[in-house]
Undergrad: 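Quick one: this structure, given as C-alpha cells, is what I'll be asking you about.
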Amino acid sequence: MAGRDYPRIIVPPPGPNARAIVSRDHDWTSTCYIKEYPLVVARGQGAMVEDVDGNRFLDFMAGIAVASTGHSHPRVVAAMQEAAGRFLHICGGDFYYEAMAALCERLARLAPGSSKKRVFLTNSGTEAVEAAIKLARYATRRTAIVAFRGAFHGRSTGAVTLTSSKARQHAGFGPLLPDVHHVPFGYRYRCDFCAVEPACNRGCIDVIEQELFTRHLDPTDVAAIIVEPIQGEGGYIPAPPGYLPALRELCDRHGILLVADEVQTGVGRTGKMFACEFDSVEPDILLAAKGLGSGMPIGAMISRESITTWPPGSHGSTFGGNPVCCAAALATLDLVEGGLMANAARMGERLMAGASGLMERHSCIGDVRGRGLMVGVELVKDRATREPHSELLRGLVQRAFRQGVLFLGAGKSTLRLAPPLVVDETDVDTALHMIDACLAELD
Ligand SMILES: *Cc1c(COP(=O)(O)O)cnc(C)c1O
C-alpha cells in the first residue's frame with residue numbers, strides 16, 4: 001500500500017538504544033522472564049510497533065493476542081483519558097460506578113446461550129481461572145477438576161495446576177492443587193485415537209467416561225471440566241467440530257460444570273465474539289481477558305446466574321474491574337462489534353488460505369489450522385513422521401524479527417499468528433511473505 005512505513009529496519013535490532021535497555025533489564029528484572037527476542041518498544045500504532053532505535057515492525061503477535069484493537073487505538077485511549085480524568089480507583093468490590101455495571105451487563109448479554117449470566121471482573125486471565133475454580137467448587141460442593149493435556153490456564157498455584165503445557169511451569173512449585181485430572185485433548189494432528197482418520201471420532205472424550213470416570217474418579221466428585229475451545233499456548237489447536245457439544249453432553253449427564261477458557265480466543269479474535277459460538281455451546285462459566293481491554297489488565301468470569309450462588313465476601317479483588325480498565329474494555333467492545341470482528345473473519349480467511357498455500361512450497365509445514373485471526377502453522381522435520389521442528393520455529397521467529405515482523409511460537413513447533421484485529425490485506429500478505437522467505441532461507 002502506498003505510503004506504508006512499516007516494516008522498516010534502519011539499524012539491525014537490537015540497536016544501541018535497545019541494547020542499553022536490554023542490559024539494564026537483565027540486571028534488575030526477575031530471572032523467570034523469557035524475553036523471546038530483544039524487541040524494546042517505544043510506541044505503537046495499529047499493527048505497527050516502533051522500537052527505541054526507530055525500527056518499525058509489523059506486529060503479528062499483539063503482545064500475546066492482547067492488543068486486539070491495535071496499539072493505542074485513539075478511541076480506546078480517549079475513553080481511558082476521560083475515565084482517568086474523573087477517578088482512578090474506588091474498588092468495585094465495595095462501591096459502585098457506571099462503567100463496572102455497564103461492562104458486566106454487556107459481557108453477560110454477549111456470552112453465548114440464553115440463560116441469564118453474572119460477571120466477576122479480574123485483573124488477568126489467571127485470576128478469572130482462579131475465580132472459576134472457586135465458584136465451580138462452591139456451587140457444586142465437589143472438588144475434582146478435569147483439564148486437558150496441552151492446556152494453558154495461567155500461573156497462580158490453582159491455575160497452573162490446570163495448566164499442562166510445559167513441565168517447567170510446574171517444576172519446583174509443588175504440591176499443587178489436589179484432585180486435578182488431565183485427559184488428552186482433541187489434537188487432530190497428533191491424536192492417539194484418530195489422527196489418521198478422516199474425521200474426529202471423539203475417542204478422547206469417550207476415555208473420560210470409560211477410563212477416568214470408571215476407574216479413577218467418580219463423576220459425582222467432579223466440579224468442572226475446563227477447556228480452551230482453541231488451545232492457545234499449547235499450539236493453536238482448535239477443538240474438532242462436535243467436540244465441545246460432546247463435552248457439554250458429558251457434563252450434563254453428570255452434573256459437571258463446563259468452563260470455557262476463552263482468555264485467548266474471546267472478544268472477536270476468531271471472527272465471533274466467543275469461540276464457543278461456532279458449536280452453539282453454552283458453557284456454565286466463560287472466561288475472557290487477553291483482548292478484552294486492548295492491553296489494559298482486565299479479565300472476566302461470566303457465569304450462569306443459576307450457579308452464581310456464592311455470597312457477599314466469599315470472593316473479591318481490590319483492583320479487579322478498575323474504572324479505567326472498564327472504560328478501555330467498553331471502547332474495545334464497541335470497536336470489536338463495530339467492525340473488527342468482521343475484519344478478523346475476513347482477514348483470517350486470507351491468512352488461512354495464504355498459509356495453507358505455503359504448504360505446497362514448504363514441506364516443513366505439517367499443519368495449518370485455526371479460526372479468524374488465530375492461526376497456527378505447525379512446523380515438522382518430516383511430514384511422514386510429523387516430528388516437531390522446534391529449531392526451525394525458533395530460527396523463523398528470530399529471523400523475522402530482524403527483518404521487521406513480530407511473531408511468537410506456541411506449543412513445541414507451531415508458529416502462532418495472532419495479529420491485532422485491525423490488520424488489512426497488506427499486513428496479512430506481508431506476514432505471509434515473511435514466513436515464505438524465512439522458510440526458504442532456513443529449511
Ligand atoms: C494467557 C492465558 C491465561 C492466563 O492469562 P494471564 O492474563 O496471563 O494471567 C489463561 N488462559 C488462557 C487460555 C490463556 O491464553
Side-chain angles (χ1 to χ4, degrees), residues 30 32-36 61-68 120-136 145-166 168-170 173 177 180 182 185-187 224-239 244 247 258-270 274-276 283 285-302 317 319-322 325 328-329 332 370-376 408-411 414 416-418:
S30 198
C32 59
Y33 296 115
I34 300 170
K35 309 287 190 185
E36 300 281 347
M61 53 92 186
I64 322 190
V66 167
S68 49
F120 179 82
L121 296 176
T122 69
N123 304 287
S124 69
T126 299
E127 281 181 32
V129 170
E130 210 66 47
I133 295 171
K134 288 177 69 178
L135 179 61
I145 298 179
V146 173
F148 291 90
R149 292 195 195 136
F152 185 87
H153 297 294
R155 304 286 202 155
S156 63
T157 303
V160 88
T161 309
L162 306 184
T163 290
S164 156
S165 153
K166 296 194 177 81
R168 174 173 288 185
Q169 293 159 347
H170 287 175
F173 297 134
L177 203 66
V180 169
H182 284 98
F185 183 68
Y187 184 179
I225 297 181
I226 182 165
V227 64
E228 296 162 87
I230 302 175
Q231 279 197 344
E233 303 308 298
Y236 274 35
I237 308 161
L244 296 177
L247 276 181
L258 181 64
V259 181
D261 182 346
E262 296 232 25
V263 166
Q264 193 152 171
T265 51
V267 196
R269 172 157 297 281
T270 62
F274 294 108
C276 284
I285 299 178
L286 186 148
L287 311 175
K290 284 190 165 79
L292 179 58
S294 290
M296 295 306 289
I298 186 158
M301 177 185 67
I302 309 166
S317 167
F319 293 111
N322 168 278
C325 297
T332 299
R371 286 195 192 274
L373 289 173
M374 187 166 184
V375 171
L408 262 182
T414 297
R416 121 170 51 194
L417 304 175

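Start at 1 and go down the list; that is how both ligands and their atoms are numbered.
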Undergrad: Give the protein residues with at least one non-hydrogen atom closer than 4.0 Å to an atom of ligand 1, ordered by chain and number.
TA: Ser124, Gly125, Thr126, Phe152, His153, Gly154, Glu228, Asp261, Val263, Gln264, Lys290

Undergrad: Can Glu233 and Lys166 be counted as an ion pair, charged N to O under 4.0 angstrom?
TA: no

Undergrad: Given side chains that start at C-beta, do those of Cys325 and Pro297 come closer than 4.5 Å, heavy atoms only?
TA: yes

Undergrad: Return the set of residues passing ring-ring contact (aromatic ring centres under 6.0 Å, His included) with Phe148 (not counting sequence neighbours), or none when no residue passes.
TA: Phe185

Undergrad: Going by side chain to side chain contact (heavy atoms under 4.5 Å, CB included), Leu162 matches just one of Val259, Asp261, Ile226, Val146. Which one?
TA: Ile226

Undergrad: According to the salt bridge (charged side-chain N to carboxylate O under 4.0 Å, His left out) rule, which pairs have a member within residues 148-157, sequence neighbours left out?
TA: none

Undergrad: Listed by chain and number, what are the ring-ring contact (aromatic ring centres under 6.0 Å, His included) partners of Phe173, not counting sequence neighbours?
TA: none

